[in-house]
Amino acid sequence: MEQKQLVAQAIVAATDGQLSLEDVVAKIEVPKSYDLGDYAFPAFALAKIYHKAPQQIAPELVEKISLDGFDKVEAVGPYVNFFLDKKAFSLEVLQEVIDQQANYGDQDLGHAGNVPIDMSSPNIAKPMSMGHLRSTVIGNSLAELLKKANYNPIKINHLGDWGTQFGKLIEAYKLWGSEEEVKKDPINTLLKYYVHFHQVDQEQPELDDEARAWFKKLEDGDEEAINLWTWFREESLKFFKGIYAKLGIDFDSYNGESFYNDKMDEIVEILQDKGLLQESRGAEIVDLEKYNLNPALIKKTDGTTLYITRDLAAALYRFRTYNFVQSLYVVGNEQTNHFNQLKAVLKEMGYDWSDEIHHIPFGLITSGGKKLSTRRGNVILLEEVLNDAVELAQKQIAEKNPDLPNKDEVAEEVGVGAVIFHDLKNDRLNNFDFNLEEVVRFEGETGPYVQYSHARAMSILRKAGDVSFDQLVGLNDEESWEVIRQLSNFPAMIKRAVEEYEPSVIAKYAIHLSKSFNKYYAHTKVLTDDEQKNTRLAMVASVATVLKESLRLLGVKAPDEM
RNA sequence: GCGUUUGUAGCUCAGCAGGAUAGAGCAACCGCCUCCUAAGCGGUAGGUCAUCGGUUCAAUUCCGAUCAAGCGCACCA
């Protein structure tokens, strides 16, 4: 970053202030190929000012630029290419990483402001599928990233524990369920009832009325309904927590939809007071015509609430409780309309803070090209995927490193890490069709590749024993230069990932850093006794630190050996 | 139909908010372990950046249209 300023200043000085520093900074780019330097300034913008061809201007600029801070400055066609002083720059970067350790890359974008994150949010009485994994791992990574940028994230698991579906479940249980069967295998049994319900109600639509009646009872506090619901909820939560433990993710709150049951009346009252509520086809709605959105359904004909009613209550509750600077919702892109409606209704209610509500959408996972659907039985169980991945990691270890001391622990970290990393490495919005082989791949651009790179670095450091990094020297060979440049990019990557709510920025970065390090590793023997040995070790230590930190920000463990 | 997201190599994706010969990974083929973990490194082959227009000195990148796909469009969440 500062290097870019240095380049910009040199250009501004050489052009006698014809261009502002800001303009020049905006124009400066990083050449695609190393032999074209570290930064480049295209002289096209000057062609009009000087009435000359940019190819002619570039060499003239080079004449006027002092070499202070650069190894070389040269003109190639219309470009002025800058080569940084490798020795000075590498020393500076390594010193910084060694000094700051895991704090390297920390920023203060958030000034400690609260940011509730609505994430994971599985539905009670249903198993967790690959679909929930996305919200969980993206939310978790955003929380870590926000923390690094000095925000105070609050991870809220907005459990899907309320709604008509529980009427259906209770109705199904009453018709076909047995207590013993549920106790044996809660989730799968409840799921079975639920799926069965949807098969039967195709021909017996009156079941839906029964189900709605049960949900009505639930909202009205009927004892039998509440008892069943509480039981289903507890069993589900036990099961979910097992999976979260496996993923290494925890939450600050498990306040799901039901938590807002007693907070919706106020919302309805406010809407009424402000004259926003209208009756339409027997239901209560808020018209959103002027936002070019469908009306928001606040209450159904039978007086029960809907998803958006609860989300309105939740939004207000979160604002009052956390006084947030931003409020995030990590929810699939198929719900974009819902969040547009949510924000619009809040805006109509006069809440300016609705502008700080951000839906963080992500793409859909399909299976065989088809949307996952619990009711139709088309699910990919997260638990199974994780188990498969860990098992595969075990095989891999048995084959490649049979003497590894803590095999099971490492297999867990690698297997689970592979699944998480796979989910985070691509753009959030990309859809993907589930493919087990792809998800648990350990070679190429994968989580295990990054973990392996880290383990290699740690291995060198172990072999090196005690070394001090007090007397570092500059490095200027080609292979280490690639690594140094990557290391220096880390803080900028953090910033971008936070600003774009995009963990994939960090995943991609980790791959690039790993690549440059593996290349270096193949080319240079680190543990050779010479005057640069300690500096090389400092670089290896820096790579290990930054890789481990990158993985941590993604929610992936970095074993020292694998 | 309306809204929205997407369209880059056989497959999966990058391309840093316009720039110098479009990059990786898988898959294919060929090399590299007497040397810090070969879960690695190197090489070969593979593309009219969906199509057509527009803005610009410069467009894969910005704008518009068309085509194709995903998702959403009132009593589910």
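Just so it is clear: chains get the letters A, B, ... in the order the sequence lines come, proteins before strands, and each one is counted from 1.
- Proximity of A:Y307 to the phosphate of B:A77: no side-chain N or O atom is located under 4.0 Å from OP1 or OP2.
- Within the 4.0 Å cut-off from OP1 or OP2 of B:U4, not a single side-chain nitrogen or oxygen of A:T336 is found.
- Considering only side-chain N and O atoms, A:R212 lies under 4.0 angstrom from the phosphate OP1 or OP2 of B:C76.
- Between A:K395 and A:E399 there is no salt bridge, since no side-chain N of the basic residue sits under 4.0 Å from a carboxylate O of the acidic one.
- Between A:S367 and A:I380, the shortest heavy-atom contact is CB-CD1, 3.7 Å.
- Applying the ring pair (Phe, Tyr, Trp, His ring centres under 6.0 Å) test to A:Y521 and every residue at least two apart in sequence or in another chain returns nothing.
- At B:A39, none of the side-chain N or O atoms of A:K395 fall inside 4.0 Å of OP1 or OP2 (strictly under the cut-off).
- Under the 3.5 Å distance criterion, with hydrogens and angles disregarded, no donor-acceptor pair is assigned to the side chains of A:S480 and A:R536.
- Among the atoms of the strands shown, none is found under 4.0 Å from any heavy atom of A:T309.
- Within the 4.0 angstrom heavy-atom criterion, no nucleotide atom of any strand lies near A:E399.
- A residue-by-residue look at A:E500 and A:K519 shows that A:E500 has its nearest nucleotide of RNA chain B further toward the 5' end.
- For A:S459, counting side-chain heavy atoms from C-beta on, the closest listed nucleotide (B:C36, B:G42, B:A74) is B:C36.
- Using C1' as the reference atom, B:A24 and B:C16 are 15 Å apart when rounded to the nearest Å.
- Applying the salt bridge (Lys or Arg N to Asp or Glu O under 4.0 Å) test to A:E171 and every residue at least two apart in sequence or in another chain returns nothing.
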Output a table of nitrogen or oxygen pairs between the protein and nucleotides 54-63 of chain B separated by less than 3.5 Å.
unit_1 : atom_1 : unit_2 : atom_2 : d
B:C57  : OP1    : A:K48  : NZ     : 3.3

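- Regarding contacts with the backbone of B:C35, every side-chain N or O of A:K525 stays at 4.0 angstrom or more from both OP1 and OP2.
- Listed nucleotides: B:A77, B:G72, B:C41. Nearest to the side chain of A:E334: B:G72.
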Protein-nucleotides 25-27 of chain B N/O pairs under 3.5 Å:
unit_1 : atom_1 : unit_2 : atom_2 : d
B:G25  : O4'    : A:E445 : OE1    : 3.3
B:G25  : O4'    : A:E445 : OE2    : 3.4
B:G25  : O2'    : A:E445 : N      : 3.4
B:C26  : O2'    : A:R441 : NH1    : 3.1
B:C26  : O2'    : A:R441 : NH2    : 3.2

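- Comparing B:G72, B:C36, B:A20 by their nearest atom to the side chain of A:P31 picks out B:A20.
- What separates CD of A:E289 from P of B:G3 is a distance of 14 Å, to the nearest Å.
- Using a 4.0 Å cut-off between a side-chain N of Lys or Arg and a carboxylate O of Asp or Glu, A:K508 and A:E445 do not qualify as a salt bridge.
- Each of A:A283 and A:M493 was matched to the nucleotide of RNA chain B holding its nearest heavy atom; the match closer to the 5' end belongs to A:M493.
- Residue pairs meeting the ring-ring contact (aromatic ring centres under 6.0 Å, His included) criterion with at least one member in residues 278-303 of chain A: none, sequence neighbours excluded.
- Residue A:L297 is in base contact, counting any heavy-atom pair closer than 4.0 Å across all strands shown.
- Syn is the classification of B:A17, since its glycosidic angle stays within 90° of 0.
- Of the candidate nucleotides B:A20, B:C71, B:U37, B:A20 has the atom lying nearest to any side-chain atom of A:E29.
- Scanning residues 412-433 of chain A for heavy-atom distances under 4.0 Å to RNA chain B yields A:V414, A:N426, A:D427, A:N430, A:N431.
- Taking 4.0 Å as the cut-off between side-chain N and carboxylate O, A:E409 and A:K557 do not count as a salt-bridged pair.
- Residues satisfying the ring pair (Phe, Tyr, Trp, His ring centres under 6.0 Å) test with A:F259, not counting sequence neighbours, are A:Y317.
- Between A:K216 and A:D220 a salt bridge is recorded (basic side-chain N to carboxylate O distance below 4.0 Å).
- Contact annotation for A:N81: base contact, defined as any heavy-atom pair under 4.0 Å involving a base atom.
- Listed by chain and residue number, A:Y260 satisfy the ring pair (Phe, Tyr, Trp, His ring centres under 6.0 Å) test with A:H158 (two or more places apart in sequence, or in another chain).
- Residue pairs meeting the ring-ring contact (aromatic ring centres under 6.0 Å, His included) criterion with at least one partner in residues 429-456 of chain A, sequence neighbours excluded, are A:H422-A:F432.
- If you check every strand for non-hydrogen atoms under 4.0 Å, A:I285 touches a base.
- Neither OP1 nor OP2 of B:C16 sits under 4.0 Å from any side-chain N or O of A:Y39.
- A donor-acceptor pair shorter than 3.5 Å can be found between the side chains of A:T366 and A:D433.
- Stem list for RNA chain B (at least 3 consecutive Watson-Crick or G-U pairs, distances under 3.5 Å): B:1-7 with B:67-73, B:10-13 with B:23-26, B:28-32 with B:40-44, B:50-54 with B:62-66.
- Applying the salt bridge (Lys or Arg N to Asp or Glu O under 4.0 Å) rule to A:D311 yields no partners; only residues at least two apart in sequence or on another chain are considered.
- Residue A:P54 is classed as having no contact, given no heavy-atom separation below 4.0 Å to the nucleic acid.
- Residues that satisfy the salt bridge (Lys or Arg N to Asp or Glu O under 4.0 Å) test with A:K400, not counting sequence neighbours, are absent from this structure.
- Residue contacts shown for A:E257 are limited to sugar-phosphate atoms, with no base heavy atom under 4.0 Å away.
- Nucleotide B:C33 is shown with a syn base, its glycosidic torsion being within 90° of 0.
- Phosphate proximity of B:U37 to A:K463: present, with a side-chain N or O under 4.0 Å from OP1 or OP2.
- Remark: A:R441 engages A:E438 in a salt bridge, criterion side-chain N to carboxylate O under 4.0 Å.
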